[in-house]
Amino acid sequence: MELKKTPTSLVFAVNGERFDLSHVDPSTTLLEFLRTRTRFKSVKLGCGEGGCGACVVLISKYDPVHDQVEDFTASSCLTLLCSIHGWSITTSEGIGNTKEGFHPIHERFAGFHATQCGFCTPGMCVSLYGTLVNAEKTSSPKPPAGFSKVTVTEAEKAIAGNLCRCTGYRAIADVCKSFSADVDMEDLGLNSFWRKGDSQDSKLSRLPQYDHTQSISRFPMFLKEIKHDVFLASDKHSWHRPISLTELQNLLKLNHANSTRIKIVVSNTGMGYYKDKEGYDKYIDLRGISELSKIRKDQTGIEIGAAVTISKAIQTLKEESRNDFLSDYVMILEKIADHMSKVASGFIRNTASVGGNLVMAQKNNFPSDIAVILLAVDAMVHIMTDTQFEWLALEEFLERPTLGFESVLLSIKIPSLELNKSESSEPESRFLFETYRAAPRPLGNALPYLNAAFLAKVFPCKDSGGTVIDTCRLSFGTYGIKHAIRAKNVEEFLAGKLLNVSILHDAVNLVTETIVPKDDTSKTAYRSSLAAGFIFQFLNPLFNTSVITNSYLNGHINLPLVKDLELKENQKQVHHDNVPTLLSSGKQVLEAGCEYHPVGEPIMKSGAALQASVAFYDQLLHSRSQNHYVHKNPVPHALGSDELCEAVFVDDIPSPSNCLHGAYIHSAKPLARVRSIKLTPELQLDGVRDIISSKDIPNGGENIGSKTIFGIEPLFAEEITRCVGERLAFVVADTQKLADMAANSAVVDYDNENLEPPILSVEDAVERSSFFEVPPFLYPKHVGDISKGMAEADHKILSAEMKLGSQYYFYMETQTALAVPDEDNCITVYSSSQCPEFTHSIIARCLGIPENNVRVITRRVGGGFGGKAIKAMPVAISCALAAQKLQRSVRMYLNRRTDMIMAGGRHPMKITYSVGFRNDGKITALDLQILVNAGIYVDISAIMPHNIVCALKKYDWGALSFDIKVCRTNHPSRSSMRGPGEVQGSFIAEAIIENVAATLSMDVDSVRSINLHTYKSLQSFYEYSHGEPYEYTLPSIWSKLAVSANYDQRNKLVQEFNRVNTWKKRGISRVPVVIQLMLRPTPGKVSIFSDGSIVVEVGGIELGQGLWTKVKQTTAYALGVIQCDGTEGLLDKVRVVQSDTVSLIQGGFTAGSTTSESSCEAVRLCCNVLVERLKPLKEKLQEEMGSIKWETLIHQAYMQAVNLLASSFYAPSVNSMSYLNYGAAVSEVEIDLLNGETRFLQTDIIYDCGQSLNPAVDLGQIEGAFVQGLGFFMLEEYETNLDGLVLQDGTWNYKIPTIDTIPKQFNVQILNSGHHQQRVLSSKASGEPPLLLAASIHCATRAAVKEARKQLLSWSNQDGEDSTFQLGVPATMPVVKELCGLDIVERYLKWKMGST
């Protein structure tokens, strides 16, 4: 019988504030509580999987035994609220804020221009803060004043698990490094604190001062008195925290008898991978049981309690290796720790338990790294089943049937491997141990394609001088295999063998036969190849031969530390911290003008006008920027705290009373009739208020979800659903969690009777003539005579094919909206949208009300990239429709998985081309057939032919013809994504150039150079936008970059590297970009208040691209023309406010990179009107008073009824509507032939910004766009299954770039190309064009692969090159490895055997 316990309260603190809760749903996460029940909204929901870092908080807990506080970062989206009893939580607001003053972390994020949309920034700040806090607790030497104890490497790794889609990470890395005592201040990039040439002391004095006491967490005293046993109960749920195994046994026994649904938790991080699909009656928290949280060490080994966190286990294992002279066992422990440090990310390892990881591997076949490495060292596990206890080998534990709830894992033991030398027949024998991991991200936060761990007992053979393997344990684990396994047949084969090339060859073949993943994917062969590479790396250095003289000297993967087995004991040294610093440096060269001061100044990016303390403002008053940028009269700008911790995004707006939440039920079929939609019975009665569908659209309204000039998309499917992910209905419930659960559990009855098969490929679309019409005015013109061009060619490549895939936006803030019904049948909608104007009109059409009854407000957007344009509309409309019907506020925050399924993303396409060219590489004709997969609705797809061809025309093709079809398929409709069509067109051009060079066996850079436009050919290809001859800056950029990037010398060094390195190859590539940009009409409004402060409204939306900052600068410049005393400080009087479709109409789209400049011009026109109105008064007052202050002038203007509100509508003229922009990049990469990994060594960019409106903002745009392009070309797979359902639907399987996957050296020069009469203040756009330059990374990778294939041929005694291969996009590790040879190890060993 259960002992009756008295429920307790849940007590904890958030930013020092006490919370005391008696009724808590145990399924509530800390993030959910913070965002719905507190004012602390800096914690964001980015993924709900612990994979992005947007929700990171600092947790502090008191240890009464040692009287100390433990601080660690954690994902609040996975941390259950009930688990934080007695703990203190710190969010970014708790580190610093507007009222109490900012922390130097916040100030430096602003000053280093390290924030764009700002959605991810609070999580970054907390991650860095947690690292600083814990660094202060170490015994490291006291750092110089102003620095912390953290090292550069530790600082950069602090944010290794945090994702950012905007910045490109370089500036964020600078923020982190600026706190490190070992930082080279010259290595820190552009900032608002100092200028180039300042001394080290001067630079340090200008940095926001860091005092180590700022990183001492303040643990509330009242929490030290809290008892840590907690029991929470309600009518439906209960939370138990037993404090002994006996109490746990009683709980489990009782629950088993009652068939209670229980969930046993330690940290709940497993929910990030295995989502809860049902509710639980009881939660049992194991962390109260002290036995499960202890680590015990003795002569027999180390025993780790099952509830011990992975971070704590790593710390303990590394403590054993503090000495330089170590045993084999201690070195093994450190390598286990090193491998564990690549599991997940720091804020997950800090809470995830070792035991939980192994239980997931046993019960769910989770691809656990920890299971693999512990299997190799013959680990044991301690199991409690009911009242029985037993020790099992980990291998047996994994192979047993799934653990039942009556069984609990108590501890894991790593047995000692010390040799008893007195009994050993081989006194010189010793152990060697290595672990391996091939994953998309070097530092973790990514599941591996394959992992392995090998332990071998070896001894030297005195007769031959070689090495004999006495025994070995070889463990592997991967997707598709049920769990980690040992390759026992290989172990038996190797036992007792004297190693040589032949034995190694046979062992490799055995491994590839054994490790065959059973996942039936294209990566199966790749994973088997990885297994061969791992065993080769382990065994190859152990036999006495000269092979691989240069293998992994500079790589991340560790070879056995001891190659000579006769090393003395005192030579057994451990190489600490084998992974090098992530980012060595970056150089920024800015050439800014001062003609339109303060326009052109690299001031800090503006937010929503929340400002920092006066002290910080004063500090920046005389700041200068770094590197080659020097300017007069630097302009201060107060820190936009809204971007750091206090910004209000749509989902941060407090819910109105009785607010409901929505979620979509979407189609799981590509083409089917929908017969019915039903919810599970328990959800129908428990907080689900309605299911909205097309039937709920009011009389006079339309079933319309979005529109463009090309067509509309329905809000909901009516009878037939036409793609996977199409909206079927909108569930409205009391909470977002309940709405999501209801939508996920909905049962949809489909019927395919009398329906044709769906169209799921462009080939099917061609066969069935399923195309969207492209308006004739948008279809591009052919250039030249294709027949004549082909006739002039010496060579032709005919009907070559390539394919390009899709890409997901991965904005950090998913689609979201809040609709609030108002009086008189009106409605206000808060939408995260790039085009509120269109959203406004469609809401009116859907609801059947006049547009003056609708108001759409957008303050800021947490990343857009085109995905918050058309795709954001139905989210706002769904909320509005439900709000109107139910007369209650309705909001929605789309969960990441649903967002990824419905998003559509970038347009995939199939390209077929024929090209003619001369012997010297000059191309004479190009003919293309392109099939664009547009999905089911037209969206913006009709612009794709225009955009593709505009970017493709960057080279002089002689003659150019094309046939581009926009295919209608049963996929989600594709939409605009940063550089839509231009990215693909620019890459197609590069792929053709590469193929021509390969066919001619010419240097590809020479072929690029010979095909660059002359001004004359530029006029032919870009008939209306070529500009004046002096504006064609590409030739000078091209040659300038060759010098600044040291291209020719580096090319020779790459060749030499490839000559002497067998297993790593490098490539280098230089790529140009020419892109046509279009300005669109944009409104503006400027109002001057009686105190002289200014409010500005523009049609453009702040997405993180710095639009508001540039608008503020332009306002200050344009009003400063009045020349009053004090106008030099106007910038600080300007406030840009949110977009409001009632206040400012005809806002248009924020897209195409040019909205910032058109918004600036709209504002300038307004200011010109105001200046003209003020001038007569100013001249009159000046005559009377001599000099006049701005505030006095405005006060007098109010007194004399001067109209101080001006609005404008900027409509670009024919001459200024479009222009070309230019840039070029050199990138160098290194590929690993054994696993296919590509390391991005260096990128150099020169980009023409005209006269930049703000070089700091443009620099961030250039770097961020390039890194997003790097993701498209190298990392991000966004594939679908046979029904069109996306396979990558979360952070676990969709990998955007992280701080460890950007160029190690990242240099950017912004070219000031002088005065451009037709441009807005002589400026040019920077938002999208640099993304196209990321093709340089792909082309460099191709060059490296080419060298690998050339080497492969040489092993078969074949001369020449196999250089006409295609490198797919994205060029992921499996793609690169396949082209380098999946059997490269076997072929190498065969060659080696033949040559000996």
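Since the structure is predicted, the reported quantities are computational estimates derived from the model, not experimental observations.
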Could you label the plane-to-plane angle of the H382 and W391 rings as parallel, tilted or perpendicular, counting under 30° as parallel and over 60° as perpendicular? parallel
Checking N162 side chain against G53 main chain: does a donor-acceptor pair fall under 3.5 Å? yes
Nearest heavy-atom contact between M812 and Y893 is O-OH, 4.0 Å
Option among I414, D338, I295 that satisfies the side-chain contact (heavy atoms from CB on, under 4.5 Å) test with L317: I414
Suppose we call two aromatic rings close when their centres sit under 6.0 Å apart. Are Y273 and W1292 close by that rule? yes
Do L80 and V265 pass the side-chain contact (heavy atoms from CB on, under 4.5 Å) test, and can you show the C-alpha distance, the side-chain angles, and the key distance before you say yes or no? CA-CA 9 Å; L80 293 174; V265 297; 4.3 Å; yes
Take T260 and D281 through the test side chain to side chain donor-acceptor pair (under 3.5 Å) and record every step on the way to the result. CA-CA 6 Å; T260 307; D281 302 313; 5.2 Å; no
Please list, chain by chain and in numerical order, all residues satisfying salt bridge (charged side-chain N to carboxylate O under 4.0 Å, His left out) with K413, sequence neighbours excluded. none
What are the two closest non-hydrogen atoms of N15 and G94, and how far apart are they? OD1-CA, 3.2 Å
Can we say D369 and K342 salt-bridge, meaning some charged N sits less than 4.0 Å from an Asp/Glu carboxylate O? no
Flag yes if more than 12 heavy atoms outside K224 fall under 6.0 Å of its NZ atom; otherwise flag no. yes
In Å and rounded to the nearest 0.5 Å, what is the CD to CG distance from Q736 to L894? 8.0 Å
Can any side-chain N or O of E395 pair as donor or acceptor with the backbone N or O of M380 at less than 3.5 Å? no
Determine, for K737 against E32, whether the closest basic-nitrogen to carboxylate-oxygen distance falls under 4.0 angstrom. yes
Measuring from S416:OG to L333:CG, what's the distance to the nearest 0.5 Å? 8.5 Å
Spacing of OG belonging to S341 relative to CZ belonging to R349, to within rounding of 0.5 Å: 6.0 Å
Within a radius of less than 6.0 Å around CZ of R37, do more than 12 heavy atoms belonging to other residues, nucleotides or ligands occur? no
I want to check a possible cation-pi pair here: K227 against Y62, using under 6.0 Å from ring centre and within 45° of the ring axis as the test. no
Would K263 count as a cation-pi partner of Y283, with NZ or CZ less than 6.0 Å from the six-membered ring centre and within 45° of the ring normal? no
Give, for atom OG of S345 and atom CG of L443, the distance between the pair rounded to the nearest 0.5 Å. 11.0 Å
Would E93 and S42 satisfy side-chain contact (heavy atoms from CB on, under 4.5 Å), going step by step from the backbone distance to the final call? CA-CA 7 Å; E93 297 100 329; S42 68; 2.6 Å; yes
Non-hydrogen atoms of P415 and A379 that approach each other most closely: CD-CA, 3.9 Å
Check whether more than 12 heavy atoms from other residues, nucleotides or ligands sit under 6.0 Å from atom CD of Q388, and answer yes or no. no
Tell me the closest heavy-atom pair linking P448 and A439, and the distance in Å. CA-CB, 3.8 Å
Salt bridge flag under 4.0 Å for residues D20 and R18: yes
Could you tell me whether E49 and K275 make a salt bridge, using a distance below 4.0 angstrom between a side-chain N and a carboxylate O? yes
Short N-O contact, R241 and E247, less than 4.0 angstrom: no
side-chain contact (heavy atoms from CB on, under 4.5 Å) between V126 and V43: does it pass, once the steps are laid out? CA-CA 10 Å; V126 175; V43 283; over 6 Å; no
What's the spacing between S75 OG and L30 CG if we round to 0.5 Å? 10.5 Å
Rounded to the nearest 0.5 Å, how far apart are NZ of K61 and CG of D71? 11.0 Å
Looking at R35 and D651, does any basic side-chain N land under 4.0 Å from a carboxylate oxygen? yes
Verify whether the ring centers belonging to F19 and F33 lie closer than 6.0 Å. yes
Would you call D652 and K41 a salt bridge, using N to O less than 4.0 angstrom? no
